[in-house]
Q: 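If you scroll down you'll find the structure; I have some questions about it.
Quick note on labels: first sequence line is chain A, next is B, and so on, each numbered from 1. This structure is a prediction, so every number in the text was calculated from the model and none was measured.
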Amino acid sequence: MNPPILIITGYGLNCEAESKFAWEQAGGKPDLLHVNDLLAAPDRLHRYAALMFIGGFSFGDHMTSGHVFAHRLRHHLQDELATFIEDGGLILGVCNGFQIMTKLGLVPGLGGESFKPSVALIQNDCGAFQNFWVRVRFEANSPCVFTKGLDAMDLPIRHGEGKLLPREKETLDALEAAGCVPCRYIDPATGAPTQDFPHNPNGSVNAIAGLCDPSGRIFGLMPHPEAFLFPEQHPQWHVRPRGTPAPARGAGLKLFENAVTHLREA
Amino acid sequence: MTFRIEISLRKGLRDPRGTSVVQRAKHFLHLPVKGCSTRDIYKVGVDAPDKKQREILKAFTDPVSCRSALGRLAAPPFHWLVEVAFKPGVTDNVGRTAGSLVADILDRKLASDEKVCAGIQYFLTGPDLTRADAEAIAWNLLANPLIQSAELFSPEEWAAHPVDTTLPSMPDTARPTVATIDLSGSNEDLLRISREGTLSLSLEEMRAIRNHYTEPAVRAKRASAGLPEWPTDIELECIAQTWSEHCKHKIFAADVIYRDEKGREQRFASLYKTFIKAATADVAKTRTWLVSVFTDNAGVIRFNERYHLVYKCETHNSPSALDPYGGSITGIVGVNRDPMGTGIGSELLFNTWGYCLGSPFYDGDLPQGLMHPRRIRDGVHHGVIDGGNQSGIPWVRGFERFDDRFIGKPLVFCGTLGRIPVTINGQPSEKKSIRPGDRVVMAGGRIGKDGIHGATFSSEALHTESPAQAVQIGDPITQRKLYEFLMEARDLGLYRAITDNGAGGLSSSIGEMCQFSGGAELELARAPLKYAGLQPWEIFLSEAQERMSLAVPAENMSALRDLARRRDVEISDLGEFTDDGAITLYFNERLIGRLPLAFLHDGCPKLTLEAQWTPPQVPAPRRSRTADRTRQLLAVLGALNVCSREHKARRYDGEVKGLSVVKPFVGRASDVPSDATVCRVEHASHEGVVIAEGVNPFYSDIDTYWMTASVIDEAVRRIVSAGGRPDTIAGLDNFCWPDPVQSEATPDGAYKMAQLVRANQALYDFCTAMQVPLISGKDSMKNDSTRGGRKISIPPTLLFSAVGKIDDVRRAMTLSFQQAGDLVYVLGETREELGASEFHRFLARDQKKPDHTGGDLPKLDPAAAMASYHRLHEAIHAGLVASSHTPTLGGLAVGFSLCALGGNLGADIALGGLGETLSDDALLFSESNSRFILTCAPENQNAFEAHFAGLPLVRIGTVRGDDQLVVRTRGEQPLVTADLARLRKAFTSTLGGI
């Protein structure tokens, strides 16, 4: 079975091609759908097993990243999204998609409080958009279905607003306790989470790179797994030790494969 | 009714925007700003009851990170407040987005008189800041008076000031009128008409227009149509724009009389036809993959059985001088529309950029009206970063060159590479066709006064009165929506032809398109406007951005309209294509102009230009045999034109689309610039494209012939070095020249023209010899500034962009030393070629005689070069090569340093074997062409050396296992000894953090 995946496009979202390819490689059956077509017929959402909010610059990141796109979805799609989540659907958000999810309150969604934002992704401490690769560790204590069994990998970041800010200290404690932090930025030399630039590219609290809801089915992250599908996308692929064969695929694909495995087993 | 919203970050959060103001105020203006906090303000001019206003306020505010108020939010402690907003009529992208949000809340579209305007407040603290200081910050850092308003308040003034809810609006006074311009007067009258109308038409051109209008047949036809005897304003404006240097390339089309240093005379009818077009015609005999060259908005070449590649590079120099951010963002989103409008529309894959600027550390006199080069640099980067990132198109190449002759006009090159399926709906995708009766459709943004006279203005030197409306601000999101809509419409077969609206707006796009059918009829009152008050000729010439023109079969109009509505893209039906040989213009059904196509496109008189080549005498710097070579290497490695520009480059998205293979930065620390960039073209294929460039304005000081040879060779060998196939390389030429027309204002015009001739001769000679076809090009010929009474002309600059194919991206090469014990070679001959080299320019600066850079320029033997490129390609393909680097600025010494930094491995190098008679200067720093630094694994030594038998390949050393780079020439004594940390520091410090 190739589970049907919905990728929403439009208004400056722009990672549709590589995201589609990632799901195809992982065994899913992705469709691209313009957000206006979805809002015109919202029940189309229920044809899909998973939904992806891709990266990009929806509405130019004006009025803070993801803000206006999230508002449009909240205004026109909130009930359908709630049903989709209740029915066991998976949601993945990457970068701008993750920002949209936090604006919608889909993550961390503590205490069943979807659609009530409790965290924000604010401007990087360095004050600017950055594109480079970071090392991310996946947490074994998280219920996240996308990161299950994964240890650590290098992934690119490409954002200006990725610093996680919880509404209150208690929010942070609660989401940590619930295992809602599936991935953190680490210092490659020590393997430990870090607050220091560039390994933590934005100054995110507790080096948080992504969040899931307590069920582990709803997950967003700042780094781009869909940008590491081929080994040659890794910035050091050409300086690997002589004689070691290149891996067949990029590590980022594993998150998509995990999702497809979950959907097949569900 | 208008209400105001102020939004602030929650207390205790960092405000990076404010921090940046403090830093820049200290850095640029040396002003004692202690702190700066910022706020977003919105003036919401919509009809909404109080309840909805509160809902809008809530929707504008992030509940976690921000707080806000209707009206005023209590001000933080401050000494000065600066409030910045856009002037009326200037594109306000944030305001537009806010308007979308308001429309969502109100569940309706905003009315034509409703809008949201965005602004920013800067609260400055610093007890020692005077009002004049705060004003300096306002105008030199925060606002550009051409496009923005800035208001300054002390705390007392702010407290007394009423809450400002006024919306900027265009004075809606002008009623549409059409004037007739009498051309019967004297020569002086004709010139005055041209000057006062910013028409940039010469006397000869004005007279050609007069002659046309006095032809009896033309008179009779106009009389019977009810048109006046003399041209209407819209006709004259359209002619001026079509005949502008920007659009007509009059200098490249001119008859040229060229005299060389021995007085020999040669005549050329059009440099473009004689050299550029002829070169490609010659190369086309062997390179059978040319699909569409020079005829469309971008060059088209075959990539594989599924796709063609589409490539175009443009410049946006004059607007970037006036407003670096707006000018450059318009440059990048503007060049995106070239491939978008090529064939029946291409997908956009990759962006390239390159800037020639004054030194960011410039501390000389700055003529009045010019911005400091560092401010220009920051703004230009920022614009292209926003334009590229928000469009979802990754950057793949970027360069910067610094020379203080660019303070008058910065050069801003922007390129876009796209792909187009070989066939679409069963038809060849590169073919445009239009039938009489097809509708003329404009899609995308609305029309304002933006960029009126942009084409004629860019054909002039910058002077203090350069028109403000020549500045436009690109809107990447509107264009992205348009682009996605067009790709869908293309694949559905809804339109027959497409082109972009660039310089000259509709007058240019429809003027070009209607040549396919033989004419067009337009009703300009149907064009959607941003605001009222535009004259018909302004509508026709406006360069408002984000617009494409389409030819649509009438029966497809309703399907196209439906798709546009669903994609939130505005389209308008402006008329129809005809076959009556003219563009006919109506406004509210009144005939206001008719221009025969034959006259419009072929009536412009040809120029005759004089070119006199006198080789310049450039003194050489003093050289010393006993200099500290390590110190020299570190200085050259840290020189502005060599050092790392990674700090700015990291702010560009280089990986969206997921196609990158060899990125712009490579190496174990990803901090060394790659020779060329390699990308996939499709996710599901290992075939790839290799992209590189050559540019060297410094060599032009000695001879543009060898400058051109060197930039062609540099671009080509960069591609080969990365693994590209030498027989698949195509080039794009972008000329940026100072005005080469001899006149009172340009007494050295004949010399500059000769420089242009020589560059073209070299372009022909080497492109044909190396079988590299030119597929697209552009020229910008008036890169001079006369502001502040001082003429500053750029050095002649030719950007040669190249694109090639690699059959399997997994074979791509980079420069990094791979493993201790690998053998190091130089392929290609090193000669005593140090003229205008990075080394000579370093010596000249060091000796306080910056012009003393003379010496021999690198020459080029194209046959020998291509023989070695083919051989190297085979070696790479056979897996014999471990790393490959092509040294450029700074020669081998800089080359070894980069290879070592890339691999984090030192090397032992001995250069004596490269030439008995070469000086140490040349061995280390000569910039001879056609060379590579190669390494191979020791076990491959025999096969590697045998493979290159007969070519100038010399083994010169070994990769070390530690971090020491040791370079000898002939003796035992090392001339250069440096560890990687020192090299890295020299390479990264100069522009680190800048």
Q: Test of understanding: with salt bridge (Lys or Arg N to Asp or Glu O under 4.0 Å), list the residues that count as partners of B/Arg108, not counting sequence neighbours.
A: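 For B/Arg108 the salt bridge (Lys or Arg N to Asp or Glu O under 4.0 Å) partners, ignoring immediate neighbours, are B/Glu114.
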Q: Against chain B, label A/Lys116 side chain, backbone, both or neither, depending on which of its atoms sit under 4.5 Å from a heavy atom there.
A: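 It is neither, since no heavy atom gets under 4.5 Å.
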Q: Let me know if A/Pro166 has heavy atoms under 4.5 Å from chain B in its side chain, its backbone, both or neither.
A: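 Just its backbone gets close to chain B.
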Q: Between A/His75 and B/Asp104, is there a donor-acceptor pair closer than 3.5 Å when you use the side chain of the first and the backbone of the second?
A: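 Between the backbone of B/Asp104 and the side chain of A/His75 there is a qualifying donor-acceptor contact (under 3.5 Å).
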Q: Determine which residues belonging to residues 243-255 of chain A lie within contact range of chain B, meaning some heavy atom pair is under 4.5 Å apart, and list them by number or answer 'none'.
A: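 Residues in range: none.
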Q: Counting only non-hydrogen atoms closer than 4.5 Å, does A/Leu13 touch chain B with its backbone (N, CA, C, O), its side chain (CB onward), both, or neither?
A: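 Just its backbone gets close to chain B.
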Q: Going by the rule ring-ring contact (aromatic ring centres under 6.0 Å, His included), which residues pair with B/His382 if we only count those two or more places apart in sequence or in a different chain?
A: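 B/His382 satisfies ring-ring contact (aromatic ring centres under 6.0 Å, His included) with B/Tyr325 only.
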Q: So what's closer than 4.5 Å to chain A heavy atoms on B/Ser20: side chain, backbone, both or neither?
A: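 Neither part.
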Q: Can you tell which part of A/Val119 gets under 4.5 Å to a heavy atom of chain B, answering side chain, backbone, both or neither?
A: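 It is the backbone, since no side chain atom gets that close.
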Q: Given heavy-atom pairs under 4.5 angstrom as the criterion, report whether the side chain, backbone, both or neither of A/His76 touches chain B.
A: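 The answer is the side chain of A/His76.
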Q: Is A/Leu229 in contact with chain B via its backbone, its side chain, both, or neither, using a 4.5 Å heavy-atom distance?
A: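 Contact with chain B: none, neither part.
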Q: I'd like to know if B/Arg567 pairs up with A/Asp37 as an ion pair, taking the criterion as any Lys NZ or Arg NE/NH1/NH2 lying under 4.0 Å from an Asp or Glu carboxylate oxygen.
A: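 Yes, B/Arg567 and A/Asp37 are salt-bridged.
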Q: Do A/Asn124 and B/Arg14 touch side chain to side chain, with heavy atoms closer than 4.5 Å?
A: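 Side-chain contact under 4.5 Å: no.
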Q: With sequence neighbours left out, write down each residue that passes ring-ring contact (aromatic ring centres under 6.0 Å, His included) with B/Tyr652, or none if nothing qualifies.
A: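 B/Tyr652 satisfies ring-ring contact (aromatic ring centres under 6.0 Å, His included) with B/Trp353, B/His381, B/Trp395 once adjacent residues are dropped.
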Q: Taking only Lys NZ, Arg NE, NH1 and NH2, and the carboxylate oxygens of Asp or Glu, determine whether B/Asp822 and A/Arg242 approach each other closer than 4.0 Å.
A: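 A salt bridge is present here (some side-chain N lies under 4.0 Å from a carboxylate O).
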Q: Side chain, backbone, both or neither: which part of A/His238 has a heavy atom under 4.5 Å from chain B?
A: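 Both parts, backbone and side chain.
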Q: Is A/Glu168 salt-bridged to B/Arg10, cutoff N-O under 4.0 Å?
A: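 Here A/Glu168 does not pair with B/Arg10 in a salt bridge, since their nearest N and O are not under 4.0 Å apart.
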Q: Chain B heavy atoms under 4.5 Å from A/Phe228: which part of the residue, side chain, backbone, both or neither?
A: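 Contact with chain B involves no heavy atom of A/Phe228 at all.
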Q: Measuring heavy-atom distances to chain B, does A/Ser19 have an atom under 4.5 Å in its side chain, in its backbone, in both, or in neither?
A: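 A/Ser19 has no heavy atom closer than 4.5 Å to chain B.
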Q: What heavy-atom pair brings A/Glu232 and B/Arg810 nearest, and what distance separates the two atoms?
A: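 Taking A/Glu232 first and B/Arg810 second, the nearest heavy atoms are OE2-CG, 3.3 Å.
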